[in-house]
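For reference, the structure discussed in these notes is given below.
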Amino acid sequence: MSKAKPALEFKGRMLSLTRVRVIEPDLPAIEAQLKNFARQMSGAIDGMPVILESDKPVELVGVLQSMRRLGIQPIAAMEGALANDARLCGLPVLPADMLTDARAAAPKPAEAAPPPPPAPEPPPVMPVRRSTRIITEPVRSGQQIYVEGADLIVTQPVSPGAEIIADGCIHVYGLLRGRAIAGARGDETARIFCKKMEADLLAVAGVYAVADQIQGALRGHAVQAWLEQGKLRIERLDA
């Protein structure tokens, strides 16, 4: 008997998501800010997957319509003020805290009982270290490059609408436009270096800044971006 052909194939893939938090539930103000965001991110916003969250009720249908008109793709909402409306709109609802602390649920030992002997320390696990990936061709609009477990070096320009992602650091020795995302799996020591910064977005370990947040003396110059106490810092290298 021949083996049945599978109907599905499951593949793991790195997907860059943006969380959008509603601060003020004012629909006209939200629409205006979305349009401004779309102008700043004109090359990269089409098809951008986002997760919505809010502490306050908001006209969710209007927000979804505004996003979709601009090409943004809401894929889920966080548990909270948006949960009921999100379910009515057919959006998945994600737990407010997707990481649980198992230690909080662990029962405390009785005070009279002697503490158990410490468990032997497991042998250190050496991380898999991959070679740095070097890109010597221009990264064109619509391209996405992801480097797993290593740094990324780009010796040519990165165009608007392109996206470069690395689990480690990113070095761009040309004009950087588009989106650059370092520390994609949460490495807070990762950094971004570029010779000439005109980026739509810079992100390190999930903390990001868009173009309208990095205007002024930074644009058009050599910069580095890194995390300091959980906040993204961007400074010129040629100052």
Side-chain angles (χ1 to χ4, degrees), residues 11-21 41 44 48-51 53 75-76 78 94-104 121-137 139 143-159 161-211 213-214 218-219 221-238:
K11 293 183 177 180
R13 184 180 184 275
M14 173 65 190
L15 179 64
S16 175
L17 297 175
T18 298
R19 290 177 65 171
V20 178
R21 182 177 182 82
M41 300 281 289
M48 177 189 292
V50 302
I51 298 175
E53 59 181 317
I75 62 170
M78 301 299 293
L94 305 180
D97 185 359
M98 299 183 70
L99 299 176
T100 58
D101 188 349
R103 293 173 300 177
E121 293 186 3
V125 178
M126 298 302 293
V128 178
R129 183 65 180 175
R130 295 176 173 83
S131 299
T132 297
R133 183 174 176 186
I134 302 176
I135 304 295
T136 58
E137 298 292 332
V139 184
Q143 280 188 278
Q144 183 190 71
I145 295 173
Y146 168 52
V147 179
E148 182 181 2
D151 296 343
L152 170 63
I153 296 175
V154 182
T155 63
Q156 297 294 323
V158 179
S159 298
E163 187 172 65
I164 52 175
I165 306 170
D167 289 346
C169 298
I170 292 176
H171 305 254
V172 180
Y173 295 110
L175 176 60
L176 171 59
R177 291 174 173 166
R179 295 153 57 96
I181 301 168
R185 294 190 178 225
D187 182 0
E188 296 185 356
T189 66
R191 294 191 177 214
I192 298 171
F193 303 89
C194 66
K195 186 175 181 181
K196 187 175 182 181
M197 199 282 298
E198 296 285 352
D200 292 327
L201 177 143
L202 298 177
V204 177
V207 182
Y208 67 89
V210 296
Q213 297 174 300
I214 44 179
L218 296 173
R219 300 193 72 81
H221 293 277
V223 305
Q224 66 168 324
W226 76 99
L227 290 186
E228 187 173 283
Q229 297 181 344
K231 295 183 179 180
L232 186 66
R233 291 199 58 184
I234 307 170
E235 287 188 357
R236 286 176 56 175
L237 292 170
D238 56 359

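The figures that follow rest on heavy atoms only: side chains count, while hydrogens, waters and symmetry mates do not. Fair warning: this is a prediction, and the values are worked out from it, not measured in the lab.
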Has Asp151 got a side-chain atom pairing as donor or acceptor with Cys169's backbone, closer than 3.5 angstrom? yes
By salt bridge (Lys or Arg N to Asp or Glu O under 4.0 Å), which residues pair with Glu198, not counting sequence neighbours? Arg219
Heavy-atom pair of closest approach, residues Tyr146 and Ala184: CE1-CB, 4.4 Å
To the nearest 0.5 angstrom, please state how far the CD1 atom of Ile135 sits from the CD1 atom of Ile170. 11.0 Å
Are the side chains of Val172 and Ile164 in contact, using a 4.5 Å heavy-atom criterion? yes
Look at atom CD of Glu235 and say whether more than 12 heavy atoms of other residues, nucleotides or ligands are closer to it than 6.0 Å. yes
So, applying side chain to side chain contact (heavy atoms under 4.5 Å, CB included) with Val223, which one of Asp238, Leu218, Leu237 is it? Leu218
Nearest 0.5 Å, please: how far is CD1 in Ile153 from CZ in Arg133? 12.5 Å
Mind checking what makes side chain to side chain contact (heavy atoms under 4.5 Å, CB included) contact with Glu53, not counting sequence neighbours? Arg19, Arg21, Met78
From CG (Asp200) to CZ (Arg179), nearest 0.5 Å: 8.5 Å
Side-chain donor/acceptor of Thr136 to backbone N/O of Val154, under 3.5 Å: no
When every non-hydrogen atom of Leu202 is compared with those of Ala225, the smallest separation belongs to CD1-CB, 4.3 Å
On a heavy-atom basis, the closest approach of Ala190 and Gly168 is CB-O, 3.5 Å
For Ala203 and Tyr208, the nearest pair of non-hydrogen atoms, with its separation, is CB-CB, 3.5 Å
Which distance, rounded to the nearest 0.5 Å, do you find between the CG of Leu201 and the CD of Glu163? 8.0 Å
Note: Ala166 and Ala150 closest approach over all heavy atoms is CB-O, 3.8 Å
Euclidean distance, Ile165 CD1 relative to Arg185 CZ, rounded to 0.5 Å: 11.0 Å
Could you walk me through whether Thr132 and His171 satisfy the side-chain contact (heavy atoms from CB on, under 4.5 Å) test, starting with their C-alpha distance in whole Å, then the side-chain angles of each, then the deciding distance to 0.1 Å, before giving a yes or no? CA-CA 11 Å; Thr132 297; His171 305 254; over 6 Å; no
Flag the pair Asp167 / Val147 as yes when at least one side-chain heavy-atom distance between them is below 4.5 Å, and no otherwise. no
If you round to the nearest 0.5 Å, how far is CG of Leu232 from CH2 of Trp226? 9.0 Å
For Ala199 and Ile214, the nearest pair of non-hydrogen atoms, with its separation, is O-CD1, 4.1 Å
